[in-house]
A.B. asks: 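Have a look at the structure that comes next, please.
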Amino acid sequence: MATGSAKNGGAGQKKTSQNRTDARTLKRKRVKDDLEVLQAATDALDPKNPDIKKFTDLPLCEPTSAGLRDSHFEVLTDVQRAAIPLALKGNDILGAAKTGSGKTLAFLIPVLEKLYCAQWTEYDGLGALIISPTRELAVQIFEVLRKIGRKHQFSAGLVIGGKSLKEEAERLGRMNILVCTPGRMLQHLDQTAGFDVDNLQVLVLDEADRIMDMGFQSAVDALVEHLPKTRQTMLFSATQSKRVSDLARLSLKDPEYVSVHEAATSSTPTNLQQHYLVTPLTEKLDTLWGFLRANLKSKIIVFLSSGKQVRFVFESFKRMQPGIPLLHLHGRQKQMARMEITSRFTQAKFACLFATDVVARGVDFPAVDWVIQADCPEDADTYIHRVGRTARYESKGRAVLFLDPNEEKAFLERLDHRKVPIERINVKENKKKSITNELQNLCFQSPDLKYLGQKAFISYTRSIYLQRDKAVFKFKKLDLDAYAASLGLPGTPNVKFQKGEDIKRLKNASRAAISSGDESESDGEGGKRKTKPEVRTKYDKMAERQNQDVLSSHYRKIIEEADSGDDDEQDFLSVKRVLNDSALDETAGADAITAAAAMPKTIMLGNQELIIDSKRREKLLTSKKKLSKYMDKGTKLVFDDDGNAHPIYELQNEDDFKQQGPAEALRREFVQTGAGKVREADIEDKQLAQDRRREKRDRAKARERGEEAAQTGTQLEGGDADAEAALDFLRSLPVAGQDGSDGGRSDDEDGPPKKKAKKWFQDDSEDEAKALQKAKTKRSGKKVFEMDYEPDNLEDLEALAAGLLED
Ligand SMILES: Nc1ncnc2c1ncn2[C@@H]1O[C@H](COP(=O)(O)OP(=O)(O)OP(=O)(O)O)[C@@H](O)[C@H]1O
């Protein structure tokens, strides 16, 4: 049976495997036929056909179509309509379209189609490389790729750093599509054995103008060297450059220039409202604070010029609790933190994100209401990308640019030149409020915050100094002292400047340094090749810091000490001179000094000889206070009428003492007189205490009578002077509501409460005071009248307490 059945089973198995082979052949044939149809449709496709409106109008394979359907993409945007057909036909593309217009799909769909048509498998290696200037954007592109490519069989990976090179390298060999940042990719091409890109079919540069910008030039050049020349290349950006040199470096072949909004009257989305307001640098934080307080139910991105600015504003505003969740993002944060913050802001309904230009390009946060540019962007392109974080696709958005009066004219010209429609708005005078005092208090209380403030000050002033566009950024016009004060700093930090460098080069140099030093903090930018980091001491790091001027004086001393090797000797000699100033015979000259240098230094204090054998001891000897413990304590003297000095306790001459009588009798007499004096003093004290108690009782009674009279309105009969005085005092107090003001009327009072005008700049202390007042009223169940009166003694305070808290 077993055998039989085995026999039967063998025939069955043969049949099944035959069936499977047939099915596979059939499937392959079907796919081949489909591919031929697809290819024919693509060949026949007229890229300029105006009837192409939906994705279903394009010759796309089933997996891509299904991915788009499932992601609810149906109608093509302008840039997609213009670019996708050309790209499907294999052209190189130079795509330019406004922010938020859907450029990501415009290159991802052709990538998927190209590899599908080539029947790309895992054995074919890397087929497409997509480069982004920032990690955030790379992650986002990868997410869209996963969404629309979910029905494909390709493997896709993200190469942006944050993991060890080895870990990434292991997976690289198996990837068909990679989304990466240039620096990190270059590292792999240089260092990862067996990572083969010879087969690459498509290269995409998103935010191409930025990638081709100087910070990335060398990385991109080196990267392109590794890639095969026969490939399709696509470049996209909202601010596309057409520099011939760039195109040559990327070996673009007869690229199609797709610029769907070139004829548009504005280079920014039409559903974006753009404003600017002129606010002097010294009031910038006041204005920003006021804006946030007035827009608590919004999703806001605030752009600042550097990570240090971002940290200071975030930390100080966080402590002042504006009433809206605050987040911050800059390139020096660890990768995990950046991803976490990005995702929190993405999900938030109301929040404010302080950020550097790390999220200025490409990042697609949903439903951002406001983009605030608190620091003027370095050029009009950066402005366009920053405002593009709102009003994306078909949604609306608003943007406000803060300009210092010195920046206004020239920067508006730049915007006008780039077709940016922007209108001036003003902050209402009555809504302005200075937060300088709060910042000063915070900086005073927290040295950390003060340090951040100093760093922010330095990075801002340096950035202004280094900006290329000198017509906009006028360093000489900065009032540095006032600016430092506006940050709450107790003094103006010193700033060192390097001439002949511009801000972009500096920024990118620091990025390159990071990417070669610490991978985990790298932005994937810059593209310098990694060298083995040397072991550096704490002092090395401190000495390398660019802003040593804000180091504590202690650290500065350490650094200065390290700089001059012969310091010790110099110190020694100079101390010797100081100590022996009077003792040194001038004629002894240099010989005496040299001889002294060989001997240990000493100093005589009283009858003690102290050896100066260390800097600490030397310092100690210059402090009078500290020296005092080594010195003799002085003796106190008193002077008689003739001016003769005597010790305080002077023993009487023995003979004189004996003449006064027997010692025991003298002692008894002394004790008796002393005891008599103490008794008298005691009686006086008791009498005084009694009088005071009586006075107090009388005052309290008079007060009670006075209050009754004041309440009933009856005239006081009789003439108790104290009571009358108390009544006068009570009448002199302003009674709630009588002086025309609201008199501190509590919410619980009868009658309609006056509606308070809604304020822009309501601060927390007011809220707290109100809450306290309410809590008090609730607890006591009594009405609370606020008086504009400051009691100046204890009695007044008691009267106030008794007179104002009543049923
Ligand atoms: N055809 C479409 N239909 C509906 N929504 C779309 C379509 N294409 C893109 N979008 C949506 O529009 C938004 C912006 O798209 P995308 O991020 O690709 O813009 P972008 O042009 O790359 O912007 P930026 O210049 O800022 O990088 C995204 O939320 C995306 O999901």
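Both counts, for ligands and for their atoms, begin at 1 and track the order of listing.
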A.B. asks: Side chain or backbone of Arg361 under 4.0 Å from ligand 1, or both, or neither, by non-hydrogen atoms?
C.D. replies: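 Neither; no heavy atom under 4.0 Å.
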A.B. asks: Closer than 4.0 Å to some heavy atom of Arg392 - which atoms of ligand 1 meet that?
C.D. replies: 14 (C), 16 (P), 17 (O), 19 (O), 20 (P), 23 (O), 24 (P), 26 (O)
A.B. asks: In ligand 1, which numbered atoms sit nearer than 4.0 Å to a non-hydrogen atom of Lys98?
C.D. replies: 21 (O)
A.B. asks: Between Arg418 and Asp381, is there a salt bridge with N-O shorter than 4.0 Å?
C.D. replies: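 Result for this pair is yes, salt bridge flagged.
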A.B. asks: Quick one: does ligand 1 sit under 4.0 Å from the side chain of Lys103, the backbone, both or neither, non-hydrogen atoms only?
C.D. replies: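 Under 4.0 Å from ligand 1, Lys103 contributes backbone and side-chain atoms.
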A.B. asks: Does a donor on one side chain and an acceptor on the other come within less than 3.5 Å for Ser155 and Glu122?
C.D. replies: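 Glu122 and Ser155 do not have a side-chain donor-acceptor pair below 3.5 Å.
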A.B. asks: So, 4.0 Å and heavy atoms of Phe236: is ligand 1 close enough to count as a contact?
C.D. replies: no
A.B. asks: What atoms of ligand 1 come closer than 4.0 angstrom to any heavy atom of Gly362?
C.D. replies: 24 (P), 26 (O), 27 (O)
A.B. asks: Around Arg424, counting heavy atoms of other residues, nucleotides and ligands shown, do more than 12 lie under 6.0 Å from its CZ?
C.D. replies: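 Yes - once you tally the heavy atoms of other residues, nucleotides and ligands closer than 6.0 Å, there are more than 12.
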A.B. asks: Return a yes/no value for Gly388: is any of its N or O atoms, backbone included, closer than 3.5 angstrom to an N or O of ligand 1?
C.D. replies: no
A.B. asks: Could you tell me which atoms of ligand 1, counted from 1 in the order shown, lie closer than 4.0 angstrom to a heavy atom of Val75?
C.D. replies: 1 (N), 2 (C), 3 (N)
A.B. asks: Using the ring of Phe402 (Phe, Tyr or Trp, six-membered ring only), decide whether Lys284 places NZ or CZ under 6.0 Å from its centre and within 45 degrees of its axis.
C.D. replies: no
A.B. asks: Could a heavy atom of Glu394 be found less than 4.0 Å from some atom of ligand 1?
C.D. replies: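 No, Glu394 has no heavy atoms under 4.0 Å from ligand 1.
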A.B. asks: Between ligand 1 and Glu207, can you find any atom pair, the residue atom being a heavy atom, that is separated by under 4.0 Å?
C.D. replies: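 A heavy atom of Glu207 does come that close to ligand 1.
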A.B. asks: Classify the angle between the aromatic ring planes of Phe345 and Phe365 as parallel (below 30°), tilted (30 to 60°) or perpendicular (above 60°).
C.D. replies: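 The rings of Phe345 and Phe365 stand perpendicular, inter-plane angle above 60°.
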